[in-house]
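Here is the naming used below: chain letters follow the sequence lines, and residue numbers restart at 1 for every chain.
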Number of protein chains: 2
Amino acid sequence: MIRLLLADDQALVRGAIASLLDLEDDLEVVAQVGRGDEVLAAARASKADVALLDVEMPGLDGIGAARQLKAELPSCRALIVTTFGRPGYVRLALEAGASGFVVKDTPSSQLADAVRRVAAGQRVVDPALAAESLAAGPSPLSTRETDVLIAVRQGNSSGEVASQLHLSEGTVRNHLSSAIGKTGARNASEAARIAAENGWLLA
Amino acid sequence: MIRLLLADDQALVRGAIASLLDLEDDLEVVAQVGRGDEVLAAARASKADVALLDVEMPGLDGIGAARQLKAELPSCRALIVTTFGRPGYVRLALEAGASGFVVKDTPSSQLADAVRRVAAGQRVVDPALAAESLAAGPSPLSTRETDVLIAVRQGNSSGEVASQLHLSEGTVRNHLSSAIGKTGARNASEAARIAAENGWLLA
DNA sequence: ACTTGCCCGTGACAAATGTCATGCCCACAT
DNA sequence: ATGTGGGCATGACATTTGTCACGGGCAAGT
């Protein structure tokens, strides 16, 4: 019997997936949480074998939760289940020690199989997504460019970013300009959006 | 026996909700589609009593699908089930003839009840969401401001918007400025984002 | 040691974006 | 008919944002 932990901030989706997986004879949902920072404790308490983690969660994102599990409770394997197949996310997830990555577009019938494969110690990654992730490569952004984009993404103007990072406005704009070029964006906010979508602003 | 149609572009979520609702003795999922523009035909073919519609779908959004149903197949009631409780969406959904509005945050146990109430001819709207929607009021944006924001949202610069709408650049920037004031945003792209989140750019 | 390449930082300049005062037109109330 | 208010449109002006050429530091390869 495979013991499952479900983590997703949308209660309805979480409950629905639970009922889907409970139909399987060899699977058992033993815990459900709605926040990333509750995953570790719940996994420990429930002795889960596999944790299904959504990426978008309050408190801590699914990738971070997977990292915690890998470090603190390696007996519990992490399977990331997310809405968007952002290329960079796959890379980050695997680096964080996740055992698998599934997008919510996949047929529901395949989820149980993915869980079984992960429980058996295999890696599970959507092949198309894996290829895309490989092609996209790691973040092309330098450290400063990443810093600046993160700050811009919070909604700060370049002046504010400058004082937050103790830089001159010109420097900030320079990094932004460079980031705009690298992302193919047309302005700073678009660059921040693109970088975020590729997972370049998480680590 | 209540006959259900499920429309959601995420196959996994769709399947999971199907298995959740199939557990109920008086509910039966008779059709599933992944695109908004397939809803009407599927509802007709399957003689569905209630359609569960996600808002974000390719082809046609859930609100549009609800409008089609209301016009062409009024015997099938629409229940919108969506990720975000954008205030304006509730208003739009009800104006489009939907019978209910549920966010994916609600406990999964309540979904079946919502379906039953809708099937019985009642309206179902999350109370907190309804209040927020009422408080937010209708769109404060004028026609031109809406046009301009929609164009900006596609990723056009103000110059491009100007030529698309046959206006001078100054005029476009003027409408934008006004929209920025009304939305409380700090620049054009933020204004577009806020307006979209409130459902002000759909109708 | 020297070159090469990259990241970082800066200021000057150019282009875009946002704000303002102003006028036109239309609907509505006086 | 006559104000009055709002949406629409415009150009001038101020501010913000993006681009460029330049120089310093640092690590890797020669």
Side-chain angles (χ1 to χ4, degrees), chain A residues 88 91 136-203, chain B residues 88 91 136-203:
Chain A
R91 169 184 303 268
S139 170
L141 301 172
S142 75
T143 345
R144 268 323 199 195
E145 286 158 5
T146 309
D147 294 344
V148 170
L149 282 185
I150 289 175
V152 163
R153 206 171 129 65
Q154 328 272 20
N156 297 310
S157 67
S158 47
E160 292 166 329
V161 175
S163 64
Q164 278 178 29
L165 301 183
H166 307 291
L167 293 175
S168 103
E169 283 199 25
T171 304
V172 170
R173 288 205 295 275
N174 195 0
H175 287 304
L176 277 177
S177 178
S178 165
I180 289 171
K182 288 179 180 176
T183 54
R186 310 169 55 133
N187 54 45
S189 35
E190 191 179 352
R193 187 177 53 72
I194 291 175
E197 283 176 1
N198 286 20
W200 295 340
L201 301 188
L202 288 187
Chain B
R91 170 183 304 266
S139 170
L141 302 172
S142 76
T143 346
R144 269 321 200 197
E145 286 158 5
T146 311
D147 294 344
V148 170
L149 281 186
I150 289 174
V152 163
R153 207 172 130 64
Q154 328 271 22
N156 297 311
S157 67
S158 47
E160 292 165 330
V161 175
S163 64
Q164 279 178 29
L165 301 182
H166 307 292
L167 293 176
S168 103
E169 283 199 26
T171 304
V172 170
R173 288 205 295 274
N174 194 3
H175 288 306
L176 277 178
S177 179
S178 166
I180 288 170
K182 287 179 180 175
T183 55
R186 310 170 58 134
N187 55 44
S189 35
E190 190 179 353
R193 188 177 53 75
I194 292 176
E197 283 176 0
N198 287 20
W200 296 338
L201 301 188
L202 289 188

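- Residue S142(B) is the one, among S178(A) and S142(B), whose nearest nucleotide of DNA chain D lies closer to the 5' end (criterion: closest heavy atom).
- One distance of note links CZ of R153(A) with OG1 of T146(A); it measures 13.0 Å at 0.5 Å rounding.
- Within the 4.5 Å cutoff, the side chain of W200(B) has no heavy atoms near those of the L149(B) side chain.
- Reading DNA chain C from its 5' end, the first and the last nucleotide to sit under 4.0 Å from a heavy atom of chain A are dC7(C) to dG11(C).
- In this structure, the side chain of S177(A) does not engage the main chain of R173(A) through any donor-acceptor pair within 3.5 Å.
- Read 5' to 3', the first and last nucleotides of DNA chain D with an atom closer than 4.0 Å to a heavy atom of chain A are dT17(D) to dA21(D).
- Scanning all heavy atoms of the two residues, the minimum distance from A151(B) to N156(B) falls at O-ND2, 3.0 Å.
- Note on R173(B): a base of the nucleic acid sits closer than 4.0 angstrom, heavy atoms only.
- Residue S177(A) is in base contact, counting any heavy-atom pair closer than 4.0 Å across all strands shown.
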Practice task
Test L167(B) against R144(B) for side chain to side chain contact (heavy atoms under 4.5 Å, CB included), laying out the working first.
Solution key: CA-CA 11 Å; L167(B) 293 176; R144(B) 269 321 200 197; 4.1 Å; yes
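- In terms of modelled atom types and a separation under 3.5 Å, the side chain of K182(A) and the main chain of P140(A) share a donor-acceptor contact.
- The heavy-atom pair separating S158(B) from V172(B) by the smallest distance is O-CG1, 4.0 Å.
- Pairing each heavy atom of S189(B) with each of S189(A), the nearest pair is OG-OG, 3.4 Å.
- In this structure, a donor-acceptor pair under 3.5 Å is present between the side chains of S178(B) and E145(B).
- Judged by distance alone, the side chain of E190(B) and the main-chain N or O of R186(B) form a donor-acceptor pair under 3.5 Å.
- Of the residues in residues 182-190 of chain A, none lies under 4.0 Å from DNA chain C by heavy-atom distance.
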